[in-house]
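Report on the structure given below.
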Amino acid sequence: MTDEEPTLNIPSLLTLAVVSFFVLRWFFNRDDSSSANRPRRGNAVDPAQVEQISQMFPQLSSRTIMWDLQRNGGSVGATTERILSGRGLDTPPPSFQPPLPTASTNRPVVPATSSAATKRDGQDLISRYNLSEKITSDSSESAQAALSSSAWAQNKEERQRLLQKRRDEMILEARRKMAQKNKQ
């Protein structure tokens, strides 16, 4: 009996397969789980997502939006839901330094001199929307007309016309209020 070699039987093979499976699974998933707990660097937050949220909620800083997106894995829906539910976003810690936005090749670069020149020209909303002739018109008639036509129209052109008219009225009303405030 001392000349017999040990043989492999089915229970020992199954035990070896199960142990090997768990060892390989642990080895390959180890990198994924450790990177999920660590803050990601580099392109962790898509600038388009930050821009999308900042357009919806301009009162929030992009740093705060980046912090929340990084914390929830880049989910725009989760960040938006958190803002809309009234909970607000947590302030990022001082150690959080968002990655600098990289210049993309598809966006045209506007020289700073042209934007400064437009500001120096003093283009305001009145000149942008050609409302100078409406400034002199009677304001009470336009306010009454805006109130009477506040129903939502069925066709697109009528809705567009009503919205433009409402925009013009809001600009003119803000101008009148600012003039009254300046007089006082």
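Only this structure's heavy atoms are used, side chains among them; waters, hydrogens and symmetry mates stay out. The model shown is predicted, which means the values in this text are computed figures rather than measured ones.
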Check: Which heavy-atom pair separates W67 from D90 by the least distance, and what is that distance?
Finding: CD1-O, 3.7 Å
Checklist line | Over all atoms of both residues, closest heavy-atom pair of T64 and P92 | finding: OG1-CD, 3.9 Å
Check: Is any side-chain heavy atom of I53 closer than 4.5 Å to a side-chain heavy atom of L69?
Finding: yes
Next item on the list: Answer whether the closest heavy-atom distance between the side chains of M56 and Q52 falls below 4.5 Å.
Entry: yes
Under a 3.5 Å threshold, yes or no: a donor from one side chain and an acceptor from the other, between [X] and [Y]?
X: Q154; Y: E158; answer: no
X: N72; Y: S75; answer: no
X: R63; Y: S61; answer: no

Working to the nearest 0.5 angstrom, can you tell me the gap between [X] [atom1] and [Y] [atom2]?
X: L89; Y: I83; atom1: CG; atom2: CD1; value: 4.5 Å
X: M66; Y: D46; atom1: CE; atom2: CG; value: 10.0 Å
X: F57; Y: I65; atom1: CZ; atom2: CD1; value: 8.5 Å
X: L163; Y: K156; atom1: CG; atom2: NZ; value: 11.5 Å
X: L172; Y: K177; atom1: CG; atom2: NZ; value: 12.5 Å
X: T79; Y: Q70; atom1: OG1; atom2: CD; value: 11.5 Å

Note to self: Please evaluate residues Q184 and Q180 with respect to the criterion side chain to side chain donor-acceptor pair (under 3.5 Å), reporting the C-alpha separation (whole Å), side-chain torsions for both, the decisive distance (0.1 Å), and the verdict.
What the structure shows: CA-CA 6 Å; Q184 293 174 354; Q180 286 178 347; over 6 Å; no
Margin query: Whether the side chain of Q49 engages the backbone of G74 through a donor-acceptor N/O pair (distance < 3.5 Å, no angle test) should be reported.
Written below: yes
Notebook entry, point to check: Side chain of S20, backbone of L16: donor and acceptor closer than 3.5 Å?
Noted result: yes
Next item on the list: Would you indicate whether L14, at its atom CG, is surrounded by more than 12 heavy atoms from other residues, nucleotides or ligands within a distance under 6.0 Å?
Entry: yes
Check: Can you get from V76 to L84 by hopping between Ile, Leu, Val, Met, Phe, Trp and Tyr side chains that sit under 4.5 Å apart?
Finding: yes
Margin query: Run the side-chain contact (heavy atoms from CB on, under 4.5 Å) test against R167 and tell me which residues pass, sequence neighbours left out.
Written below: Y129, Q164, I171
Next item on the list: Check step by step if salt bridge (charged side-chain N to carboxylate O under 4.0 Å, His left out) holds for R176 and E173.
Entry: CA-CA 5 Å; R176 282 190 285 278; E173 183 65 26; 3.1 Å; yes
